[in-house]
Amino acid sequence: MTDNNETGFEGGCTCGQVRYRMTSRPMFVNCCHCRWCQRETGSSYVINAVIEADRVVHVQGEPEIVEIPSASGKGQRVARCPACKIALWSNYAGSGDAIRYVRVGTLDNPDRLPPDAHVFTVSKQPWVVLPDDTPAFSEFYRRSEQWPAESLERSRAALG
Ligand SMILES: [Zn+2]
Ligand SMILES: [Zn+2]
């Protein structure tokens, strides 16, 4: 696609109305196998690129924010294309608006961001076979034990 897509990470919805660009690599990529993510995607898991909100530039269009229930009980805010309703990223109550969970499947080239960890494998669909070289957790992990130091620093800066 564009030159920017060589260094950045561009993506968008299915109808093309909303386009975004991540201006750097994310801090971490989670593959979540929880039942909530399975239902929300209609699939077996979701792959979320965890990145500072100010590193997601809106190239075209503006998503609409839809509030939905979440496993924590605190709700999740999902950014969707107002026309085709494809979900592009979420904010969770824990990290607020400062951190976005960009759905890797909406990138033009999702192959560039394989998961750094698999989480909630307790409800992984049994036919999904995980690679041996990626950490997997029955529920979640401690960030301080899994995230690179640089990503922890970025997260601290974003959360103020
Ligand atoms: Zn759309
Ligand atoms: Zn999940």
Side-chain angles (χ1 to χ4, degrees), residues 1-120 123-125 127-128 130 134 140 143 147-148 150-151 154-160:
M1 310 249 336
T2 64
D3 286 341
N4 283 328
N5 215 14
E6 300 296 319
T7 50
F9 298 83
E10 289 197 11
C13 66
T14 290
C15 79
Q17 182 169 318
V18 178
R19 296 282 303 165
Y20 67 86
R21 180 189 311 130
M22 302 196 310
T23 59
S24 77
R25 296 189 72 81
M27 295 180 280
F28 206 77
V29 179
N30 287 321
C31 183
C32 185
H33 299 260
C34 84
R35 294 294 188 208
W36 288 74
C37 289
Q38 291 176 10
R39 183 172 55 243
E40 287 160 22
T41 58
S43 187
S44 303
Y45 46 77
V46 73
I47 308 177
N48 284 323
V50 187
I51 188 168
E52 299 92 325
D54 61 8
R55 296 191 187 201
V56 183
V57 175
H58 297 189
V59 176
Q60 177 186 298
E62 281 294 321
E64 64 178 12
I65 305 300
V66 179
E67 305 244 3
I68 65 171
S70 70
S72 72
K74 294 175 183 167
Q76 179 188 168
R77 302 174 70 215
V78 183
R80 294 183 178 277
C81 168
C84 72
K85 309 295 184 185
I86 295 296
L88 299 165
W89 62 78
S90 299
N91 297 120
Y92 289 93
S95 49
D97 291 342
I99 305 287
R100 287 181 181 172
Y101 293 73
V102 175
R103 298 201 175 185
V104 169
T106 67
L107 288 167
D108 296 336
N109 185 358
D111 301 353
R112 292 178 70 194
L113 292 178
D116 294 310
H118 292 270
V119 298
F120 287 97
S123 49
K124 179 180 75 63
Q125 292 175 12
W127 55 266
V128 175
L130 301 181
T134 305
F140 214 74
R143 276 189 188 184
W147 282 32
E150 184 199 347
S151 295
R154 281 171 58 181
S155 174
R156 271 191 292 272
L159 294 172

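Side chains are part of it too, since the values below use all heavy atoms of this structure and drop only hydrogens, waters and symmetry mates.
The shortest non-hydrogen separation linking S24 to F9 is O-CD1, 3.6 Å. Scanning both residues, L113 and P26, for their nearest heavy atoms gives CD2-CD, 3.8 Å. Counting all heavy atoms, side chain and backbone alike, S155 lies closest to M27 at N-SD, 3.5 Å. Of all heavy-atom pairs between P82 and P63, the closest is CD-CA, 4.1 Å. Heavy atoms only, all atoms of each residue included: I51 and R25 are closest at CD1-O, 4.1 Å. Considering all non-hydrogen atoms of both residues, R19 and G12 come closest at NH1-N, 3.7 Å.
Here the options are V46, I99, V78, I65, the test is side-chain contact (heavy atoms from CB on, under 4.5 Å), and the partner is S90; only V78 passes.
Between the N91 side chain and the Q76 main chain, no donor and acceptor come within less than 3.5 Å of each other. Checking side-chain atoms of N48 against main-chain N and O of V50 turns up no donor-acceptor pair under 3.5 Å.
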List the steps and the verdict of side chain to side chain contact (heavy atoms under 4.5 Å, CB included) for L107 and R112.
CA-CA 9 Å; L107 288 167; R112 292 178 70 194; over 6 Å; no
Side chain to side chain contact (heavy atoms under 4.5 Å, CB included) between I86 and C84, intermediate numbers included:
CA-CA 6 Å; I86 295 296; C84 72; 3.4 Å; yes
So F120 and H33, ring pair (Phe, Tyr, Trp, His ring centres under 6.0 Å) or not? Walk me through it.
CA-CA 5 Å; F120 287 97; H33 299 260; 9.7 Å; no
So L88 and C13, side chain to side chain contact (heavy atoms under 4.5 Å, CB included) or not? Walk me through it.
CA-CA 7 Å; L88 299 165; C13 66; 4.2 Å; yes
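Atoms OH and OG, from Y92 and S72 in turn, are 9.0 Å apart once rounded to the nearest 0.5 Å. Of the inter-residue distances, the one linking Y101 atom OH with N30 atom CG reads 7.5 Å to the nearest 0.5 angstrom. In this structure, the separation between CD on Q38 and OG on S43 is 8.0 Å, given to the nearest 0.5 Å. Note: R55 CZ to M22 CE = 10.5 Å, rounded to the nearest 0.5 Å. Here OG of S151 is found 8.0 Å from CG of D116. Values are rounded to the nearest 0.5 Å.
Between P114 and V29, the closest side-chain pair of non-hydrogen atoms is not below 4.5 Å. A 4.5 Å side-chain heavy-atom check between L159 and S95 finds at least one atom pair inside the cut-off.
By the side-chain hydrogen bond (donor to acceptor under 3.5 Å, both in side chains) test, T134 is found to be paired with no residue, residues two or more places apart in sequence or in another chain being considered. With sequence neighbours left out, R80 forms a side-chain hydrogen bond (donor to acceptor under 3.5 Å, both in side chains) with no residue at all. Legend: residues meeting ring pair (Phe, Tyr, Trp, His ring centres under 6.0 Å) with F28, ordered by chain and number and at least two apart, are Y141, W147. Contacts of E64 classified as salt bridge (charged side-chain N to carboxylate O under 4.0 Å, His left out), with partners at least two apart in sequence or in another chain: K85.
A ring-ring contact (aromatic ring centres under 6.0 Å, His included) check over residues 55-89, counting only residues at least two apart or in different chains, returns the pairs Y20-W89, H58-W89. Listed by first and then second residue, the salt bridge (charged side-chain N to carboxylate O under 4.0 Å, His left out) pairs that reach into residues 92-107 are E40-R103, R77-D97, sequence neighbours excluded.
Between the side chains of R35 and S123, not a single donor N or O lies within less than 3.5 Å of an accepting N or O.
Environment of CD in Q125: crowded, with over 12 heavy atoms of neighbouring residues, nucleotides or ligands closer than 6.0 Å.
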